[in-house]
Q: 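If you scroll down you'll find the structure; I have some questions about it.
Below, each value reflects all heavy atoms present in this structure, side chains not excepted, and no hydrogens, waters or symmetry copies. Along the sequence shown, residues are numbered consecutively beginning with 1.
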Amino acid sequence: MNLNMKLARIEKGYSQEGLAMKIGVSRQTILLIEQGAYNPSIQLCIAICKELDRTLNDLFWEDTNR
């Protein structure tokens with residue numbers, strides 16, 4: 001599950017559909033990424049990060065020390 005991405009999206013005021021439209025993917029793609037059921041390409045990760053004003057580490061790095 002990608003809670004970091006979901007929280008960043010909500011903080012920016014985007015719905016799943018709104019973010020999807022901004023970066024040119026389907027709402028289902030955003031849903032699956034947030035659920036951890038889809039591993040996006042690096043290009044898609046970068047597009048998401050740019051739109052949400054976050055880094056790759058902020059959104060996609062798993063802290064295994066937790």
Side-chain angles (χ1 to χ4, degrees):
M1 181 165 259
N2 191 332
L3 290 177
N4 292 335
M5 182 177 145
K6 182 175 183 175
L7 291 173
R9 174 179 59 77
I10 292 168
E11 286 175 8
K12 288 286 282 190
Y14 290 140
S15 64
Q16 288 177 342
E17 185 172 359
L19 176 58
M21 289 176 58
K22 290 273 189 183
I23 60 174
V25 297
S26 69
R27 182 197 62 80
Q28 289 83 0
T29 298
I30 300 300
L31 172 68
L32 291 172
I33 295 169
E34 288 181 357
Q35 289 179 338
Y38 178 74
N39 189 16
S41 68
I42 189 68
Q43 291 87 0
L44 180 52
C45 290
I46 291 169
I48 292 167
C49 288
K50 285 182 179 180
E51 194 60 45
L52 297 179
D53 297 320
R54 296 294 197 283
T55 67
L56 287 168
N57 285 347
D58 291 340
L59 298 184
F60 297 103
W61 185 259
E62 285 189 38
D63 185 356
T64 58
N65 294 325
R66 290 185 194 172

Q: Without placing hydrogens or testing angles, list every side-chain donor-acceptor pair under 3.5 Å for residues 40-53, not counting sequence neighbours.
A:
| from | atom 1 | to | atom 2 | distance (Å) |
| --- | --- | --- | --- | --- |
| Ser41 | OG | Leu44 | N | 3.1 |
| Glu51 | OE2 | Tyr14 | OH | 2.6 |
| Asp53 | OD2 | Lys12 | NZ | 2.6 |

Q: Can you hop from Ile10 to Leu31 via hydrophobic side chains spaced under 4.5 Å?
A: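 As far as the 4.5 Å side-chain criterion goes, Leu31 and Ile10 are not connected within one cluster.
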Q: Let me confirm one number: the CG-CZ distance from Leu32 to Arg27, rounded to the nearest 0.5 Å.
A: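 So the gap between those two atoms works out to 9.0 Å.
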Q: Would you say Leu7 ends up clustered with Ile30 if hydrophobic residues are merged whenever their side chains have heavy atoms under 4.5 Å apart, either directly or through other cluster members?
A: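 Unlinked, Ile30 and Leu7 end up in two clusters.
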Q: Do Met5 and Leu56 belong together in a cluster built from hydrophobic side chains that touch within less than 4.5 Å?
A: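 Looking at the clustering, Leu56 is in the same group as Met5.
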Q: List the residues meeting side chain to side chain contact (heavy atoms under 4.5 Å, CB included) with Ser15, not counting sequence neighbours, and say none if there are none.
A: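 Per chain and number, Ser15 pairs via side chain to side chain contact (heavy atoms under 4.5 Å, CB included) with Glu17.
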Q: Would the distance check show the side chain of Asn2 and the main-chain N or O of Leu59 forming a donor-acceptor pair, the cut-off being under 3.5 Å?
A: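 Yes; at least one donor-acceptor contact below 3.5 Å.
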Q: Other residues, nucleotides and ligands only: do more than 12 of their heavy atoms fall within 6.0 Å of CG on Asn57?
A: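 Yes, the 6.0 Å shell around CG holds more than 12 heavy atoms from other groups.
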Q: Would Glu11 and Lys6 count as a salt bridge (Lys or Arg N to Asp or Glu O under 4.0 Å) here? Give the steps.
A: CA-CA 9 Å; Glu11 286 175 8; Lys6 182 175 183 175; over 6 Å; no
Q: Roughly how far, to the nearest 0.5 Å, is CZ of Phe60 from CG of Asn39?
A: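 Between atom CG of Asn39 and atom CZ of Phe60 there are 9.0 Å.
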Q: Show the nearest heavy-atom pair for residues Arg9 and Gln16, with the distance to one decimal.
A: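 Scanning both residues completely, I find the closest heavy atoms to be NH1-N, 3.4 Å.
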Q: Return the set of residues passing side chain to side chain contact (heavy atoms under 4.5 Å, CB included) with Gln28 (not counting sequence neighbours), or none when no residue passes.
A: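 Listed in chain order: Ser26.
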Q: Kindly compute the distance separating CD (Gln35) from CG (Leu3), expressed to the nearest 0.5 Å.
A: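 Answer for the CD-CG pair, Gln35 versus Leu3, is 11.0 Å.
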